[in-house]
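Just follow the structure's listing: the first ligand is 1, and inside any ligand the first atom is 1. Numbers here are sequence positions counted from 1.
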Amino acid sequence: MSKLRIHDLKNHIGEKVELEGWVYNKRSSGKVRFIILRDGTGYLQCVGFIKDVPSEVFELMEKVTLESSVKVEGIVRADERAPMGIELSLINLTLYHLAEEYPITKKEHGTGFLMENRHLWLRSSRQVAILRIRSEIEQSFRDYFYNNGFVLVDSPILTPAACEGTTTLFETNYFDEKAYLSQSGQLYLEPACMALGKVYCFGPTFRAEKSKTRRHLMEFWMLEPEVAFATLDDVMELAEDFLVYVVSRVLDRSKEDLKRIERDTSFLEKISKPFPRVEYKDAIEKLKKLGSDIKYGDDFGGDDETLLTEKEEKPLMVHRYPASVKAFYMEPDPQNSDLALCVDVLAPEGYGEIIGGSERISDYDLLLKRIEEHNLPVSAFQWYLDIRKYGTVKHGGFGIGLERTVAWICKLPHLREAIPYPRMLYRLYP
Ligand code: 4AD
Ligand code: MG
């Protein structure tokens, strides 16, 4: 049988139990001493009265330092005042390792210091809650696609060509060839959806973004579905249905953690279908009215996305951007070939783009033309062009950035807290 953990205790009231963990906090008031134990599933107040515990245990409760690893034994008591409605009447305390003075304390630390100590910062209650929510979001990502008939197709990390523009490629050596770290698994999913109908991939992706913003990481996780016979409308519907599922799942299963980080969940409770949809050209007009100096034809900057979404209650789906600001593989709008059949989903509360997707070019000659226009090496894309030679069909999909989703759902000010070990401009340690 597996060992008990703090979140299991509600089913063990009145029983004698043993638990392992770390000393999160402690206090003392003469005849009684308290240790708050943490184990990654919760926080447990352990109480030792001088008259009830052996004297060496009472002394150890005083001597033990924050973050020391310990085993506690005691009786589980229901107590309404305790954070989880439970506390432990201590019988025994075993010290595994006495921690040195812990560098991260309750006082405010600078961001540089926290990032330098990310491996320790992870233990803070806020970071623990965020990591737990991230894990729930990731699981909900996978479950949605699994439950809806998608097949997981893992895409490679080492690739011979660019997917999302050549300016953000991380280059590496592949024996005598050049290789690039994957910017997106999409190009590999398109052939796979011709084999399996509905597919998705989920993995780390890499972009050498030479910009220092709260929205950009060099390494981030992206889930990408790709669907054969799908149009832009199908892609938008899928994105909408998927996001509603993810948010409701997190609201349902991560209540405690959302509370710990003081997320006002009333915003998340409003996420339901349908999401507002707006064409790029109308979004430009709206931005101008809101005071932006953006012009038709420009891509949105981070500030524009914030301006567009800070008053929104639901994700905003902006579709049909000019093809000139988007990737080479997007199908042109038959009504106006200067526009791409694409959508960006912008998260509300000012968060901005979390999803980018489109219908893909299905015609061989047009795709070849686009590859040439973008000065991409045709030979490296021959396999990708091949798909358009054998039973080509309309198809489309999107990519959702995990960290941007976590940042929005947790209302984080910066992506660096949304991933365990962020890779940012000038940060590769730890
Ligand atoms: O809009 P992007 O570049 O789209 C693609 O990569 C497509 N190939 C996806 C597809 O259609 N299969 O990226 C998709 C999402 C963005 O909306 C954003 O959430 C996230 O990936 N993203 C980043 N997240 C963190 N840091 C970065 N530097 C990011 N770049 C993109
Ligand atoms: Mg994008």
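Numbered from 1 in the order shown, with element, the atoms of ligand 1 that lie under 4.0 Å from a heavy atom of Arg215 read 25 (C), 26 (N). Atom numbering of ligand 1 starts at 1 in the shown order; those under 4.0 Å from a heavy atom of Gly356 are 1 (O), 9 (C), 10 (C), 11 (O), 17 (O). Near Ser184, the atoms of ligand 1 lying under 4.0 angstrom from a non-hydrogen atom of the residue are 6 (O), 8 (N). Every atom of ligand 1 with a heavy atom of Tyr329 under 4.0 Å away is listed here by number and element: 7 (C), 8 (N).
In this structure, a donor-acceptor pair under 3.5 Å is present between the side chains of Asp241 and Tyr144. In summary, the side chains of Arg360 and Ser358 do present a donor paired with an acceptor at a separation below 3.5 Å, with no hydrogens or angles considered. Side-chain contact of Thr231 with Asp234: a donor-acceptor pair under 3.5 Å is present, judged by distance alone. A donor atom on one side chain and an acceptor atom on the other are not found under 3.5 Å apart for Glu279 and Tyr321.
Annotation: atom 7 (C) of ligand 1 to nearest protein heavy atom, Glu164 OE2, 3.2 Å. Closest protein heavy atom to atom 1 (O) of ligand 1: Glu353 OE2, 3.0 Å. Shortest contact from atom 26 (N) of ligand 1 to any protein heavy atom: Leu217 N, 3.0 Å. At the top of the distance list for atom 19 (O) of ligand 1, counting protein heavy atoms only, stands Ile354 O, 2.8 Å. Nearest non-hydrogen protein atom to atom 14 (C) of ligand 1 is Met222 SD, 3.4 Å.
Contact analysis puts Leu415 in contact with ligand 1, with a non-hydrogen atom separation below 4.0 angstrom.
Considering Trp408, Phe206, Phe220 only, the shortest heavy-atom separation from atom 31 (C) of ligand 1 involves Phe220. The residue among Ser358, Ala208, Gly399 with a heavy atom at the shortest distance from atom 15 (C) of ligand 1 is Gly399. If you check each of Arg404, Arg360, Glu224, Glu226 against atom 11 (O) of ligand 1, the one with the closest non-hydrogen atom is Arg360.
The CG atom of Leu366 lies 6.5 Å from the CD atom of Glu331; values are rounded to the nearest 0.5 Å.
Checked by distance only, ligand 1 and Gly401 come closer than 3.5 Å through their nitrogen or oxygen atoms. Residue Arg207 has at least one N or O atom closer than 3.5 Å to an N or O atom of ligand 1. Considering backbone and side-chain atoms together, Gln183 places no N or O closer than 3.5 Å to any N or O of ligand 1. Where the criterion is an N or O separation shorter than 3.5 Å, residue side chain and backbone included, Cys163 fails it with respect to ligand 1.
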Is there a side chain to side chain donor-acceptor pair (under 3.5 Å) between Glu226 and Tyr200? Walk through the geometry before answering. CA-CA 6 Å; Glu226 192 70 30; Tyr200 75 104; over 6 Å; no

Stepwise side chain to side chain contact (heavy atoms under 4.5 Å, CB included) test for Gln186 and Glu164: CA-CA 10 Å; Gln186 179 198 322; Glu164 295 299 326; 3.9 Å; yes

Before you tell me yes or no, could you show the steps for Lys286 and Leu308 under side chain to side chain contact (heavy atoms under 4.5 Å, CB included), namely the whole-Å CA-CA distance, both residues' side-chain angles and the distance that decides it to 0.1 Å? CA-CA 8 Å; Lys286 188 172 172 196; Leu308 261 183; 4.1 Å; yes

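Minimum heavy-atom separation, Ala99 to Leu66: CB-O, 3.4 Å.
A salt bridge links Arg134 with Glu138: at least one charged nitrogen is closer than 4.0 Å to a carboxylate oxygen. Under a 4.0 Å N-O distance rule, the pair Glu240/Lys273 does not qualify as a salt bridge.
The Mg ion (ligand 2) lies closest to atom OE2 when only the N/O/S atoms of Glu353 are considered.
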